[in-house]
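What follows is a short report on a single structure.
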There are 2 protein chains.
Amino acid sequence: MANQLDSVFSAMADPTRRAVIERLLDGPASVTDLHGPHDMALPSFLKHLGKLEKAGLVRSEKTGRTRILHIEAAPMAAAEDWLAQQRRLWEGRLDRLQALAEALERPRT
Amino acid sequence: MANQLDSVFSAMADPTRRAVIERLLDGPASVTDLHGPHDMALPSFLKHLGKLEKAGLVRSEKTGRTRILHIEAAPMAAAEDWLAQQRRLWEGRLDRLQALAEALERPRT
DNA sequence: CTGTAACTTAGCCACATGGCTAACCAACTC
DNA sequence: GAGTTGGTTAGCCATGTGGCTAAGTTACAG
């Protein structure tokens, strides 16, 4: 996955990982805290955290025997920017189509 | 993939597919037109188109022997909305932190 | 210093993904 | 109606993903 958008979008393409993101927006948390609400074995859950971290959406640091994760907002902004740009282009195209339609409605004004 | 966000995010997690989206924002196009710039066999490319269509990002209709695809903007908006909401929550949290910091700076005003 | 809590690593499994070739069908073109 | 163009289907392959159990490690608690 060369592009950063690749890993960010693919990290967000999973409800478990999106739930983790939502939880972390409320503040940092430990692995077991985050794991709590999810009905899956810890190692499976850790893979999700790993993906989030590789995508740069989350950073973590271990103190003692517990690892604390916190969110990193920048990569999400990149994804949002891409989407916003596509929407602008799309809206621009609709505007041009409408202008064209109006021009066709009254051919000689 | 239960959620719609799942399939939309995962559809966008690939540069080929994002390129197709960008191209289609400029107007409808046939399969071979879309395939043109991509250095991969047609059947492989078709799988990408299939994923886009299953995610609802694209619709297509066959007339004669050529299939024309056009974009469907709504699902992208859903993804953008999710991201925008997370950002709002994140910014809200930063505001609260800053308020807290200021409150700590001058304890009795 | 023994026990337990909090990860971590290793390894297995089933299925999805992203690529390919080969062969096929359907519709224009000449 | 023979050839070509535009897709489509079938089937193979390597790798990635998302889940599991079992066993290991490391720090804190008593």
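Since we're looking at a predicted model, the values are computed, not measured. Letters go in sequence order (proteins before strands), and every chain restarts at 1.
In this pair, B/W82 and B/F9 present their aromatic rings perpendicular. The plane angle is above 60°, beyond the 30 to 60° band.
Considering only side-chain atoms of B/S44, the nucleotide from C/dA27, C/dC20, D/dG7 that sits closest is C/dC20. The side chain of B/K47 lies closest to C/dG18 when the candidates are C/dT21, C/dG18, D/dA29. Listed nucleotides C/dT21, C/dC7, D/dT8 differ in distance to A/R67; the shortest reach to its side chain belongs to C/dC7. Out of D/dG6, C/dG18, C/dC20, the shortest distance to the side chain of B/D14 is found at C/dG18. Across D/dC20, C/dA6, C/dG18, the shortest atom-to-atom separation from the side chain of A/P43 is found for D/dC20. Distances were taken from every side-chain heavy atom of B/H48 (C-beta onward) to each of D/dA27, D/dT8, C/dG18; the shortest belongs to C/dG18. Looking at the side chain of B/L46, the nearest of the listed nucleotides C/dC7, D/dA27, D/dG7 is D/dG7.
Residue B/T66 has no polar side-chain atom (N or O) positioned under 4.0 Å from OP1 or OP2 of D/dG6. Regarding contacts with the backbone of D/dA27, every side-chain N or O of A/K62 stays at 4.0 angstrom or more from both OP1 and OP2. The phosphate of C/dA5 has neither OP1 nor OP2 within less than 4.0 Å of any side-chain N or O from A/T32. Dashed line: the shortest gap from a side-chain N or O of A/R17 to OP1 or OP2 of D/dG18 is under 4.0 Å.
Salt bridge annotation for A/D6-B/R18: present, with a cationic side-chain nitrogen under 4.0 angstrom from a carboxylate oxygen. Taking 4.0 Å as the cut-off between side-chain N and carboxylate O, B/E53 and B/R59 do not count as a salt-bridged pair.
In this structure, NZ of B/K51 is placed 11 Å from P of D/dT17, rounded to the nearest angstrom. Atoms CG (B/L52) and C1' (C/dT17) sit 14 Å apart, rounded to a whole Å. What separates NZ of B/K54 from C1' of C/dG18 is a distance of 13 Å, to the nearest Å. Rounded to an integer number of Å, the gap from CD of B/E53 to P of D/dG7 is 13 Å. The nearest whole Å value for the distance from the CG atom in A/L42 to the P atom in D/dT26 is 18 Å. When rounded to the nearest whole Å, the span between CZ of A/R18 and P of D/dG18 equals 12 Å. The distance between atom CE of B/M40 and atom C1' of D/dA14, rounded to the nearest whole Å, is 16 Å. Protein atom NE2 of A/H35 is 14 Å distant from nucleotide atom C1' of C/dA5, rounded to whole Å.
Listed for the A/H48 side chain is no donor-acceptor partner under 3.5 Å among the backbone atoms of A/V20.
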Can you check side chain to side chain donor-acceptor pair (under 3.5 Å) on B/K51 and B/S7, steps first, answer last? CA-CA 8 Å; B/K51 253 206 140 186; B/S7 52; over 6 Å; no
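With hydrogens and angles ignored, a donor-acceptor pair closer than 3.5 Å exists between the side chain of B/R65 and the base of C/dA27.
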